[in-house]
Amino acid sequence: MSINRSKTLTEQAAVRWLLTAIALGFLALFLFIPLAAVFSQAFEKGVSVYLTALREQDTVAAIKLTLLVAFIAVPLNLVFGVAASWAIAKFSFPGKGLLITLIDLPFSVSPVISGLIYVLIFGRQGWLGPFLESHDIKIIFAAPGIILATVFVTFPFIARELIPLMESQGRDEEEAAMVLGATGLQTFFRVTLPNIKWGIIYGVILCNARAMGEFGAVSVVSGHIRGTTNTVPLQVEILYNEYNYTAAFAVASLLAFLALITLAIKTIAEWKVQQQLKS
Amino acid sequence: MKLAARHNNVLPGFGPTMGYTLLYLSLIVLLPLSALVFKAADFTWPEFVAAVSTPRVLASYKVTFGAALAAAGVNAVFGLLVAWVLVRYSFPGRRFVDALVDLPFALPTAVAGITLATVYSANGWIGRHLESHGIKVAFTPLGITVAMIFIGLPFVVRTVQPVIEELDKEIEEAAACLGASRWQTFRTVIFPLLTPSILTGFALAFARGVGEYGSIIFIAGNMPMVSEITPLLIITKLEQYDYRGATAIATVMLVSSFVMLLVINLLQKWSRRYAE
């Protein structure tokens, strides 16, 4: 293997070996061992205890709420992501750079602040607080607040994946379709959509992982009402703080499985997108 | 010129997609963020300064920014090493390791928090060995740094990795032909080319660490003045219904993240120019 490698173009074998060992050791300390510990702790007392922990009433309610939140937040951001990337990638207009920066903004805001801003609007002391209270509408400490905060933190995921992808593809294919008499929607569904399919999958899967896993922002708006406004990550926190470690890690292992599946699909999607860009 | 270009564009749908983009952006992001700014405007300047500079708040800045700086520094060094090893060397399981580097992006922060707290606690898998050397990680400021290293790691690796992939092998050959040792080549030829991306990754990891909440609170111990991070202090104020206090501190955090965003944008422009 190293026969055709000139000695001066890579490090000596011993150095290579040492550097690889240090890098893997570092990753083991900060990634691999903590990941393995999630599953080890979850199954520490056996499979039946694990399964019982997952069937607990509050945990089931938390799973349902998390699924509901993701089911609403992800499609909202998908529609936005496709609309924004069409406008930004296929047309030129002044202020494009600023618009992209604004779309990325939620990534640079602390999750705690992402929750706080909705409390300041919809909370009891907030702008709309008195109005909402007199009409008996609950947003903060209820599902709508959790959904809003989740939409905020996952806002950029799909758009920021699609914009560079669509920009790199240009608009020749779409223009050809239009000239040949296709309608705008036909052009989008038959030409653009197949081209950005893997980009959409990539964005959706990351958006979904964050939507189901968000902790800080949701923690601020949820109110931690057991069985009602607890999402899965909040349920993990409650169980952990009650020293119910096995149950906490059992619920956490669901999220860790989700993370591993996300990484697997992400790796495939990344590979497909790169192949598409090459061809 | 620009208008003419748009005029020649035969594609439809600019109006509706742009309109929807701006509407949705305003409703979800801009309007709620401006709520914070307006709420902060209720303060007079001396009131504001007093609210954001009590000893407890100042201590939390020190803990948060200090730990984030240390974590970003560790990530800059080891992230560069990991990126280098992943691009230049081959070893069994390389692709698998490469995919797992993104774990902190995909693993919910609460899960990261409880597992790091467990592994690094006095009787945990790693903490046990550190404890016997007198090093306490969990429930100390060091624990905060560990959590921030975890969440910041992919930022450095993923900004440096593509730059190493694109490095022109010819310049390394040239350096070698001119008699440079491998270390000299790395230090004087390769490293300067990687510097902008390392700094960008450092800044991204730092910014992420400063705002982080979920993975930290489980391992931090959360002692006021010692191991209490600023985001937690905001939540504490909220739980005491001190909305004004929470708003003031959040405003400081928001402004600092805008400054970091600006720095990151400048760094990215620099690295792009460097790449060309």
Side-chain angles (χ1 to χ4, degrees), chain A residues 8-9 11 16 19-20 22-23 26-27 29-31 33-35 37-38 41 80 83-84 86-87 90-92 94 102-103 105-106 108-113 116-118 120-121 125 127 151-152 155 171 174-175 178 184 209 213 215-216 220 233 236-237 240 248 252 255-256 259 262-263 267, chain B residues 2 5-6 9-14 17-18 20-21 24-25 28-29 32-33 35-36 39 78 81-82 85 89 91 97 99-100 102-103 106-111 114-116 118-119 125-126 149-150 153 172-173 176 182 207 211 213-214 218 231 234-235 238 243 246-247 250 253-254 257 261:
Chain A
T8 46
L9 277 186
E11 293 74 43
R16 288 206 304 267
L19 290 179
T20 309
I22 297 174
F26 176 78
L27 291 176
L29 283 181
F30 289 95
L31 296 185
I33 294 177
L35 178 65
V38 175
Q41 295 280 335
F80 162 74
W86 179 266
K90 303 289 182 193
F91 299 88
S92 48
L102 288 177
I103 290 175
L105 208 55
S108 26
V109 175
S110 169
V112 170
I113 296 176
L116 171 71
I117 53 179
Y118 289 101
L120 292 180
I121 295 179
Q125 299 178 37
W127 278 357
V151 169
F152 181 94
F155 183 88
R171 31 174 216 245
E174 281 85 358
E175 276 169 356
M178 294 298 295
F215 179 76
V220 173
V236 169
E237 181 197 22
Y240 185 83
L255 294 170
T262 301
L263 287 185
T267 308
Chain B
K2 268 207 171 106
R6 248 189 73 189
N9 195 339
V10 295
L11 298 182
F14 179 73
T17 53
M18 191 53 156
Y20 183 70
T21 300
Y24 190 73
L25 177 71
I28 299 290
V29 179
L33 276 178
L36 181 70
K39 184 93 181 166
F78 285 93
L81 178 64
V82 169
V85 167
Y89 306 157
F91 53 91
V97 172
L100 266 190
D102 279 332
L103 182 72
L107 192 71
T109 53
V111 179
I114 65 168
T115 189
L116 287 172
T118 305
V119 167
W125 288 352
I126 300 172
I149 292 173
F150 175 85
L153 174 69
E172 290 170 53
E173 275 168 35
R182 191 59 193 158
Y213 171 73
F218 296 98
I234 295 174
I235 292 212
L238 268 181
Y243 283 30
T247 303
M253 295 290 283
L254 194 68
S257 42
L261 189 66

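The sequence lines fix the lettering, A, B, ..., with proteins before strands; numbering per chain opens at 1.
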Where [X] and [Y] come nearest, the two heavy atoms and their spacing:
| X | Y | answer |
| --- | --- | --- |
| A:A23 | B:L81 | N-CD2, 3.8 Å |
| B:F91 | A:T20 | CD2-CG2, 3.7 Å |
| B:G211 | A:S110 | O-OG, 2.7 Å |
| A:A252 | B:I114 | CB-CD1, 3.9 Å |
| A:R171 | A:K90 | NH1-O, 3.1 Å |

What part of [X] gets within 4.5 angstrom of chain B, counting heavy atoms only: side chain, backbone, both, or neither?
| X | answer |
| --- | --- |
| A:L120 | side chain |
| A:L102 | both |
| A:I121 | side chain |
| A:S108 | both |
| A:L19 | both |
| A:F26 | side chain |
| A:Q41 | side chain |
| A:V38 | both |
| A:I113 | side chain |

Pick from [options]: which one has the most heavy-atom pairs with chain B under 4.5 Å?
| options | result |
| --- | --- |
| A:G216, A:P233, A:A84 | A:A84 |
| A:I103, A:L29, A:V220 | A:L29 |
| A:L263, A:T262, A:V151 | A:L263 |
| A:I33, A:I22, A:L35 | A:I33 |

What I'd like to find out is whether the side chain of [X] reaches to under 4.5 Å of the side chain of [Y], using heavy atoms alone.
| X | Y | answer |
| --- | --- | --- |
| B:I149 | B:F78 | no |
| A:V236 | A:F215 | no |
| B:T109 | B:Y213 | no |
| A:V109 | B:L254 | yes |
| A:L27 | B:L153 | yes |

*Residue list, ring-ring contact (aromatic ring centres under 6.0 Å, His included) with A:F155, at least two apart or on another chain*: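 Residues passing ring-ring contact (aromatic ring centres under 6.0 Å, His included) with A:F155: A:F80, B:Y24.
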
Against chain A, work out which of [options] has the most heavy-atom pairs shorter than 4.5 Å and name it.
| options | result |
| --- | --- |
| B:V85, B:V97, B:I234, B:V119 | B:V85 |
| B:L116, B:T118, B:T247 | B:T118 |
| B:A110, B:G13, B:A99, B:P12 | B:P12 |
| B:F150, B:W125, B:Y20 | B:W125 |

Quick check on [X] against chain A: is it the side chain, the backbone, both or neither that has a heavy atom closer than 4.5 Å?
| X | answer |
| --- | --- |
| B:L238 | side chain |
| B:L261 | side chain |
| B:A207 | neither |
| B:I126 | side chain |

*asked:* Treating B:T115 as the side-chain partner and B:V111 as the backbone partner, does any N or O pair qualify as donor plus acceptor under 3.5 Å?
replied: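 A pair under 3.5 Å: no.
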
*Excluding sequence neighbours, so at least two apart, what forms side-chain hydrogen bond (donor to acceptor under 3.5 Å, both in side chains) with A:Y240?*
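Testing A:Y240 for side-chain hydrogen bond (donor to acceptor under 3.5 Å, both in side chains), a comparison that skips the adjacent residues, returns none.
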
